[in-house]
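No hydrogens, no waters, no symmetry mates; every other heavy atom, side chains included, goes into these values.
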Amino acid sequence: MAGVRAALTSNPATTISNAGRGIAGMIDAAIAAEDTPARIQVSRAASAVANASARDIGRGTGTVVGNVALATAPGAALSRVATLRRLRKATPRTTFDPPQIVWVKEAQRPGKHWQAYNDSAAGARPGQAPTLTRTMPNGSKRPVKFDGIRGDYVIDRKLKVVNSARGRAQVLRQSQALSEHRLIGLWEVPSSVQKAAALKMFKRVNASNIHVGIVKP
């Protein structure tokens, strides 16, 4: 507190704008420099500004400048105080458990033209599928399979997008599982035609958490 008081009385405010910046800066410096908790520093700094006289703030610059500085400087200082109070009252960000991705054994189908395409997805494991669970209305869990993983994206590859009841049902299953685990899906398709077909199907079933990218076979 002595440091704040000394700064106020030994560094005269030469202009109105300097007064605002100077006092606000002093509060920042005092809070950063001392070990006292910020909530105590905030109340002390606000009190110092409120109790400083025009002579303290404007010493050496004239009575008129001092009076004006006293009238305007607390606004700048209190804006800093208000910011610190907002930070102190801010609700901590909610943290979630990491997504539970399990690898499920999957039958290999040599000779199928789509098998090699799926197996070359980022993070893929031939013979295994990265799997998320989705919660059914009765509370039971059902697996939802994908082809690969890259960062926060769970990848599914499609050589050809078929906008059928079965295809739309798969999109809904994947979208629900991704939503429950707070992940984003990524369909990788071989052409712009297939990308347009995928986007059309996503729009039809209102699946907004799956993106589409083009990856040549």
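Looking at R142, Q176, E180 one by one, the single match for side chain to side chain donor-acceptor pair (under 3.5 Å) with T135 turns out to be E180.
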Determine, step by step, whether Q170 and Q174 satisfy the side-chain contact (heavy atoms from CB on, under 4.5 Å) criterion, reporting the C-alpha distance in whole Å, the side-chain angles of both residues, the deciding distance to 0.1 Å, and the verdict. CA-CA 6 Å; Q170 183 188 33; Q174 291 185 347; 3.7 Å; yes
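Looking at every heavy atom in both residues, V212 comes nearest to A198 through CG2-CB, 4.0 Å. Across all non-hydrogen atoms, the minimal contact from K158 to P190 is O-CD, 3.2 Å. The heavy-atom pair separating H181 from T133 by the smallest distance is NE2-O, 3.0 Å. The shortest non-hydrogen separation linking K145 to D156 is O-OD1, 4.4 Å.
K141 is not listed as a side-chain neighbour of R134, based on a closest heavy-atom distance of 4.5 Å or more. Side-chain contact between S192 and I214 is present, with at least one heavy-atom pair separated by less than 4.5 Å. At a threshold of 4.5 Å between non-hydrogen side-chain atoms, the residues L132 and L183 count as touching. When side chains are defined from C-beta on, W103 does not count as touching T131, because their heavy atoms never get closer than 4.5 Å. Looking at R204 and R168, their side chains come closer than 4.5 Å, going by heavy atoms from C-beta outward. V161 is listed as a side-chain neighbour of M201, based on a closest heavy-atom distance under 4.5 Å.
Within the cation-pi definition used here (under 6.0 Å to the ring centroid, within 45° of the axis), R157 does not qualify as a partner of W187.
Under the 4.5 Å side-chain heavy-atom criterion for Ile, Leu, Val, Met, Phe, Trp and Tyr, V189 and V162 are members of distinct hydrophobic clusters.
Residues satisfying the side chain to side chain contact (heavy atoms under 4.5 Å, CB included) test with N138, not counting sequence neighbours, are M136, S140. Residues satisfying the salt bridge (charged side-chain N to carboxylate O under 4.0 Å, His left out) test with K195, not counting sequence neighbours, are none. Scored by the salt bridge (charged side-chain N to carboxylate O under 4.0 Å, His left out) test, R150 finds E188 as partners (sequence neighbours excluded).
The CG atom of D119 sits 8.5 Å away from the CD atom of E106 when rounded to the nearest 0.5 Å. Rounding to the nearest 0.5 angstrom, the gap separating the CG atom in L178 from the CZ atom in R173 is 12.5 Å.
Sorted by first and then second residue, the side chain to side chain donor-acceptor pair (under 3.5 Å) pairs involving residues 206-217 (not counting sequence neighbours) are S175-N209.
Other members of the hydrophobic cluster containing V215, listed by chain and number, are W114, Y117, L159; membership follows side-chain contacts under 4.5 Å among ILVMFWY residues, whether direct or relayed. Listed by chain and number, the hydrophobic cluster partners of I184 are Y153, I155, L186, where partners are ILVMFWY side chains within reach of under 4.5 Å, directly or through others.
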